[in-house]
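Quick note on labels: first sequence line is chain A, next is B, and so on, each numbered from 1.
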Amino acid sequence: MRYSAYSIIKQALSGNRLWKPAWREPEPKSHYDVIIVGGGGHGLSTAYYLAKEFGITNIAVLEKGYIGSGNVGRNTTIIRSNYLLEGNIPFYEFSLKLWEGLEQDFNYNAMVSQRGVMMLAHSDGQRDAYARRGNAMRMHGVDAELLDRKQLQALMPYLNYDHARFPILAGLLQKRGGTVRHDAVAWGYARGADMRGVDIIQHCEVNAIRRDEQGRVTGVETNKGFIGCNKLALATAGHSSETARMAGLELPIETHVLQAFVSEGIKPAIDHVIVYGAGHFYISQSDKGGLVFGADIDYYSSYAQRGNLATVEHTMEEGVSLIPGLSRGKVLRSWGGVMDMSMDGSPIIDRTPIDNLYLNAGWCYGGFKATPASGFCFAHLIAKNESHHVSRFLRLDRFERGHMIDEAGKGPQPNIH
Amino acid sequence: MASLITCPHCGTRPKEEFSIRGAALARPHPAASEEDWHAYVYLRENPKGRYQEYWHHAAGCRRWLIVDRDNVTHDVFSVTDAASIREPSE
């Protein structure tokens, strides 16, 4: 069924009883051309683009929970492409362009809102660094504007401009950045993939990867039995080390918990996504009115989807330091998601030493904004056995070769990388 | 995450006094191969469950400790001074 104004009117007149589930719940077949482990945003978008762009439809997506239960529903929903390094800008800009056409493409309302992402500078050095970053972006054809204090004050009067230690001096604005309703991204990709014949199998946990004498992957052992495949793709960020271990691989990744928070609903106040440059705090306001914000990881290895109080306190302190009015608000909910923290803070979309095993991992803080490009590039890699040109730097062996993409130096322990 | 860590020198202290360096790996010999150094610097076993990490009691005795804990349940099994587990080569 295509969603349209007509379909909504028709359903309204019939008491909304004719809606069909957005995707099937099939039993797994005994063999697929491609199995994707992980039914998160990246796994689903990979399946969607494999079916739509690369003509491979005999695919299963195996998800151990239910669709939308993992990190695709646990982020702060920000999209942007304001990066500095060559390995990153074209990739994230490709992603942003896909976001811009996504809803028309998969016929689903994901509430893509290009409200602008503002990164604040609090010192002369940081302002210069942002000017450089803005220039790098514009050289790559990405929009960027450096705003001075006066322009910022007109746009965001509620910020703490005269903070004694971290005054706000300037801001780098990417107007095309913004937010997206994250659950709808998972549902839209799941529906789009399912319509093209992809089997989405929920509550199906992979326990082992089976390989033949030559080392090639032949399939996976799951709680629903053995499922064979020609190619196996891992998109299990958060648990990448665990799934890769089943194939005997050790990754440059450590798993950490990252928390996010939502306040009670308030009247429209914050029109943009704002990123605090003196700490690592980011905030936006959802369409329901809740302030959605987050900060750093908890900085200890954790597979638990819950965080520590000290980091909650730190996040609130950063928020109030940037926007004093926040102190009057109340936090409604908080949650944690587990991140693949790669050693240079950048992701991996690459082949592995095993011939027909492909890896999508290491998304650190930034997996959500990359969802469309990650899926597209991973699908390209799986279908053609070669990297898409915008993801060619995101290689697994870059640490060995000394070609790290250390955009922010934000690995699990930034002190050593 | 456990909020209290029992330091062998200072007793039971809040975890905010500590900074965490990461996996307690054996440092390779300076003349070890590039593969060994690459594995030491970049690769992590990253198990879901029991894990041994170097913790620094930064706001206490300033000793390096090895904390043996579970990264899902947050149980702490033991905290020992890192010097007590010296590698044989050193």
Q.
Using side-chain hydrogen bond (donor to acceptor under 3.5 Å, both in side chains), reason through B/Asn71 and A/Ser302 one step at a time and then give a plain yes or no.
A. CA-CA 5 Å; B/Asn71 62 16; A/Ser302 176; over 6 Å; no

Q. Quick one: does B/Asn46's side chain have a donor or acceptor within less than 3.5 Å of a partner on A/Ser241's backbone?
A. no

Q: May I ask you to decide if B/Leu43's main-chain N or O and A/Glu250's side chain share a donor-acceptor pair within less than 3.5 Å?
A: no

Q: Side chain from CB out, backbone as N, CA, C, O: work out which of these in B/Pro14 comes under 4.5 Å of a heavy atom of chain A, or both, or neither.
A: neither

Q. Is there a side-chain contact between B/Tyr42 and A/Ile253, using heavy atoms and a 4.5 Å cut-off?
A. no

Q. Between atom CG of A/Asn308 and atom NE2 of B/His74, what is the distance when rounded to the nearest 0.5 Å?
A. 7.5 Å

Q.
Could you walk me through whether A/Tyr303 and B/Asp70 satisfy the side-chain hydrogen bond (donor to acceptor under 3.5 Å, both in side chains) test, starting with their C-alpha distance in whole Å, then the side-chain angles of each, then the deciding distance to 0.1 Å, before giving a yes or no?
A. CA-CA 9 Å; A/Tyr303 278 90; B/Asp70 189 306; over 6 Å; no

Q) Does some side-chain heavy atom of A/Glu400 sit less than 4.5 Å from a side-chain heavy atom of B/Glu34? A) no

Q. Considering residues at least two apart in sequence or located in another chain, which fulfil the side-chain contact (heavy atoms from CB on, under 4.5 Å) criterion with A/Phe393?
A. A/Glu86, A/Ile405

Q) Looking at B/Gly22 and A/Glu254, what are the two nearest heavy atoms and their distance? A) CA-OE2, 4.5 Å

Q.
As an exercise, state the distance from OH of A/Tyr300 to CD of B/Glu53, rounded to the nearest 0.5 Å.
A. 10.5 Å

Q) Given that the side chain runs from C-beta out, which part of B/Thr73 has a heavy atom under 4.5 Å from chain A: side chain, backbone, both or neither? A) backbone

(Q) Please check this pair: side chain of A/Glu242 against backbone of B/Lys48, looking for a donor-acceptor N/O pair closer than 3.5 Å. (A) yes

**Q.** Other residues, nucleotides, ligands: >12 heavy atoms within 6.0 Å of A/Phe226 CZ
**A.** yes

Q | Atom CZ of A/Arg401: over 12 foreign heavy atoms under 6.0 Å | A | yes

Q. What heavy-atom pair brings A/Ser301 and B/Arg69 nearest, and what distance separates the two atoms?
A. O-NH2, 2.7 Å

Q. Looking at residues at least two apart in the chain, or sitting in another chain, which of them share a side-chain contact (heavy atoms from CB on, under 4.5 Å) with A/Ala260?
A. A/Thr76, A/Trp335

Q | Point-to-point distance, once rounded to the nearest 0.5 Å, from CZ of B/Arg44 to CE of A/Met343 | A | 4.0 Å

Q. Any idea which of A/Arg245, A/His239, A/Gln305 has the most non-hydrogen atom pairs under 4.5 angstrom with chain B?
A. A/Arg245

(Q) Could you measure the distance from the CD atom of B/Glu16 to the CG atom of A/Leu309? Nearest 0.5 Å is fine. (A) 8.0 Å

